[in-house]
Amino acid sequence: MQHLRRLAQAGLTDVHLLPIYDLSSVPETGCVTPATSGPRDGKAQQAAVNASRDADCYNWGYDPYHFNAPEGSYATQPDDGAARVRELRAMVQALHRAGLRVGMDVVYNHTFASGQSEMSVLDRIVPGYYHRLSATGEIERSTCCENTATEHRMMARLMSDSVLLWVRDHHIDSFRFDLMGHQPRSVMEAMRARLKRELGRDIHFIGEGWNFGEVANSARFVQASQLSLNGSGIGSFNDRMRDAARGGSAGDSGVALIARQGWLNGQVTDPNAQAAPASAGDLMRAADMIRLGLAGTLRDVRFTTADGSVKRGAEIDYGGQPAGFASQPAEVVNYVENHDNQTLFDTNAMKLPTGTSPQERARVQVLGNALVAFSQGVAYFHAGQELLRSKSLDRNSYNSGDAFNRLDFSASTNHFGSGLPPESDNGKDWPLMQPLLANAQINPRPEDIRFTRDATLDLLRIRDSSVLFRLRSSAEVQQRLSFLNTGPQQNPAVIVALLNGQGLKEANFASVLVVLNTDKQAQRLSLPAISGKRWALHPVHLSPSAADKRVREASLDAQTGELMVPGRTAMVWVVR
């Protein structure tokens with residue numbers, strides 16, 4: 001709570017909880033926490049986790065049993081339903097008192113069981129109705145488990161009644177919908193409208209708008225998926241900026257985990273020993289995707305791209321799809337790390353050259369956090385992202401227990417090198433992971449973790465200082481945000497965004513200049529467009545308590561627009 005209060009004071013607005021409804025796979029009494037020990041690259045830790053995974057006290061909880069009851073394993077008295085409710089409400093109340101709104105992760109796209117199984121609830125009420133069936137009458141399982149049919153009237157009603165209950169009775173403020181693309185857009189919009197009508201306020205929805213499975217490309221209904229949601233006000237996660245920053249994609253395995261570097265971790269600027277061939281043009285295209293992310297991944301925002309042409313976000317290609325997918329900033333969720341897949345630290349452990357110092361790894365992490373903090377739309381940080389969180393390279397830690405999911409809020413360690421991650425999801429890549437985990441030089445020192453934490457708090461303070469970082473409409477973004485150092489002659493290692501605060505209430509600055517340098521070396525740019533103004537570093541950077549002292553090595557000649565930005569640095573300049 002001390003850590004959360006510190007984040008809230010810096011500008012964090014919400015804390016989002018993984019599922020807290022009644023789960024199927026965590027014993028509510030008599031659970032066990034395995035003792036794990038062994039060499040930093042050994043197999044013993046994951047073997048202990050696997051031996052007790054079905055009796056372990058913790059997993060992520062994406063296995064609904066009862067949608068509307070609090071989970072008992074989080075309660076001090078699991079057998080007392082009233083205690084579950086009291087303690088859940090006390091937690092929400094405490095977070096509200098700390099100045100934080102509370103979001104809830106919900107999984108209405110599947111159930112844990114079906115048929116006459118002991119934990120099958122819906123199928124035992126109306127057999128065959130609540131689940132989505134194939135042409136041969138079998139339950140679809142593209143989400144991993146028994147897919148629900150939220151296109152059916154009463155499954156949609158169940159979901160709508162459920163979210164209303166969590167808001168009305170437990171004061172939940174927002175929802176993240178797991179695999180939201182498996183639900184109809186019309187149902188999602190009807191739920192939001194109902195909450196507004198019955199509660200008198202907007203409840204924000206965000207979710208995974210991934211397009212796959214039996215409903216892909218709106219085969220059965222218009223999905224609540226990324227490309228189908230524009231104009232709805234519902235937020236989808238932004239894989240465009242994530243992939244450009246981290247390199248490769250979330251589904252990579254094998255050598256690609258190391259070879260496919262991104263804008264953030266050394267593509268062209270600092271290639272590792274196994275780096276995939278990459279050109280300046282590749283880095284320019286990655287930089288364009290970062291720029292689009294800073295602009296909210298909006299469909300209609302325009303800027304000069306790497307080929308010299310001015311394009312709308314929707315005209316920029318992302319693997320055969322339009323890169324710009326959102327109509328308004330609230331429809332995009334910007335992130336570089338989530339509970340799924342490797343953490344940012346672990347991704348960088350694989351992709352940065354192995355000789356990169358712990359101090360420089362921390363700076364890369366802060367630069368990644370700055371991409372999120374300075375982007376239009378919803379800024380989304382994974383718990384521990386500000387603490388260099390590691391899961392010892394685990395790509396899917398949903399059932400890896402505390403041994404791989406733990407967090408150290410004292411900022412003493414990030415647990416990198418806690419053994420090889422569980423074999424079921426990671427075993428094929430163990431030969432690549434083992435030498436990295438064995439390398440103690442990759443581990444951050446406590447001072448590196450504290451630097452990352454404090455520098456991230458500064459980023460939150462900067463975001464909180466001006467509404468220019470949180471513009472409400474596409475029209476405002478197009479009017480007030482522009483990019484310098486673009487086109488085929490750009491230096492793609494440096495991204496420069498200019499925000500115009502003239503006439504905008506709560507802008508607090510007439511102009512704001514965001515500068516991000518991913519190169520490990522200092523870079524110099526000539527930016528005549530910013531000359532003639534009285535630029536100064538943002539007050540947060542100038543504070544005696546500012547975490548990143550390297551920022552003050554920067555220079556900006558107000559007469560000529562000549563800018564020098566130190567290596568691996570994120571900074572903001574302002575004009576009052």
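Reckoned from all heavy atoms, side chains included, excluding hydrogens, waters and symmetry mates. Residues: numbered from 1 along the sequence shown.
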Using modelled atom types only, decide if a donor and an acceptor are shared between the side chain of [X] and the backbone of [Y] within a distance under 3.5 Å.
X      : Y      : answer
Ser397 : Asn405 : no
Glu71  : Leu23  : yes
Trp430 : Pro421 : yes
Arg463 : Ser375 : yes
Arg53  : Ser400 : no
Ser117 : Ala113 : no
Gln223 : Gly181 : yes

Can you check whether [X] reaches [Y] side chain to side chain, under 4.5 Å on heavy atoms?
X      : Y      : result
Leu88  : Trp166 : yes
Ile449 : Pro446 : no
Asp408 : Leu387 : no
Val332 : Gln376 : no
Leu122 : Leu158 : yes
Met159 : Val106 : no
Tyr58  : Tyr74  : yes
Pro64  : Tyr21  : yes

From [X] atom [atom1] to [Y] atom [atom2], the distance as rounded to the nearest 0.5 Å:
X      : Y      : atom1 : atom2 : result
Thr518 : Gln267 : OG1   : CD    : 9.5 Å
Gln328 : Asn230 : CD    : CG    : 10.0 Å
Met188 : Thr150 : CE    : OG1   : 9.0 Å
Leu292 : Arg240 : CG    : CZ    : 8.5 Å
Leu367 : Glu360 : CG    : CD    : 11.0 Å
Leu432 : Leu437 : CG    : CG    : 11.0 Å

Please step through salt bridge (charged side-chain N to carboxylate O under 4.0 Å, His left out) for the pair Lys391 and Asp346, ending with a clear verdict.
CA-CA 7 Å; Lys391 294 190 286 187; Asp346 286 347; over 6 Å; no
Do [X] and [Y] meet the criterion of a side-chain donor-acceptor pair at a distance under 3.5 Å?
X      : Y      : result
Asp425 : Tyr398 : no
Gln365 : Asn369 : no
Asp239 : Gln226 : yes
Asn147 : Ser142 : yes
Ser249 : Asp243 : no
Thr143 : His110 : yes
Ser412 : Ser410 : yes
Thr76  : Glu87  : yes
Thr111 : Glu146 : no
Asn211 : Asn217 : yes
Arg40  : Asn443 : yes
Asn414 : Ser390 : no
His96  : Asp173 : yes
Ser25  : Asn59  : yes
Asn399 : Asp56  : no

Tell me whether the rings of [X] and [Y] are parallel (<30°), tilted (30 to 60°) or perpendicular (>60°).
X      : Y      : value
Phe409 : His3   : tilted
His16  : Tyr380 : tilted
Phe175 : Phe177 : tilted

Pair [X] + [Y], salt bridge at N-O below 4.0 Å:
X      : Y      : result
Arg101 : Asp14  : yes
Arg132 : Glu151 : yes
Glu337 : Arg246 : no
Glu28  : Arg84  : yes
Arg461 : Asp458 : yes

For residues 428-443, which residue pairs qualify under salt bridge (Lys or Arg N to Asp or Glu O under 4.0 Å), counting only residues two or more places apart or in two chains?
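As it turns out, the salt bridge (Lys or Arg N to Asp or Glu O under 4.0 Å) pairs with a partner in residues 428-443, which skip direct neighbours, are Arg395-Asp429.
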Checking ring pair (Phe, Tyr, Trp, His ring centres under 6.0 Å) for the pair Tyr335/Phe237: CA distance, chi angles, key distance, verdict?
CA-CA 7 Å; Tyr335 74 115; Phe237 282 83; 5.2 Å; yes
Could you please spell out the steps behind the side chain to side chain donor-acceptor pair (under 3.5 Å) verdict for Arg406 and Ser418?
CA-CA 11 Å; Arg406 58 192 166 173; Ser418 294; 3.0 Å; yes
Checking Asn238 against Val378 for the side chain to side chain contact (heavy atoms under 4.5 Å, CB included) test, could you report, in this order, the C-alpha distance in whole Å, the side-chain angles of both residues, the deciding distance, and whether it holds?
CA-CA 10 Å; Asn238 180 10; Val378 179; over 6 Å; no
Proximity of His182 and Tyr108 rings by center, below 6.0 Å:
no
Ring centroids only, cut at 6.0 angstrom: are Phe469 and Phe374 within range, meaning strictly under it?
yes
Assess whether side chain to side chain donor-acceptor pair (under 3.5 Å) is satisfied between Asn426 and Asp394, documenting all intermediate values.
CA-CA 7 Å; Asn426 304 277; Asp394 195 347; 3.0 Å; yes
Might you work through the side chain to side chain contact (heavy atoms under 4.5 Å, CB included) test for Phe345 and Arg389, ending with a clear yes or no?
CA-CA 6 Å; Phe345 179 90; Arg389 182 178 187 166; over 6 Å; no
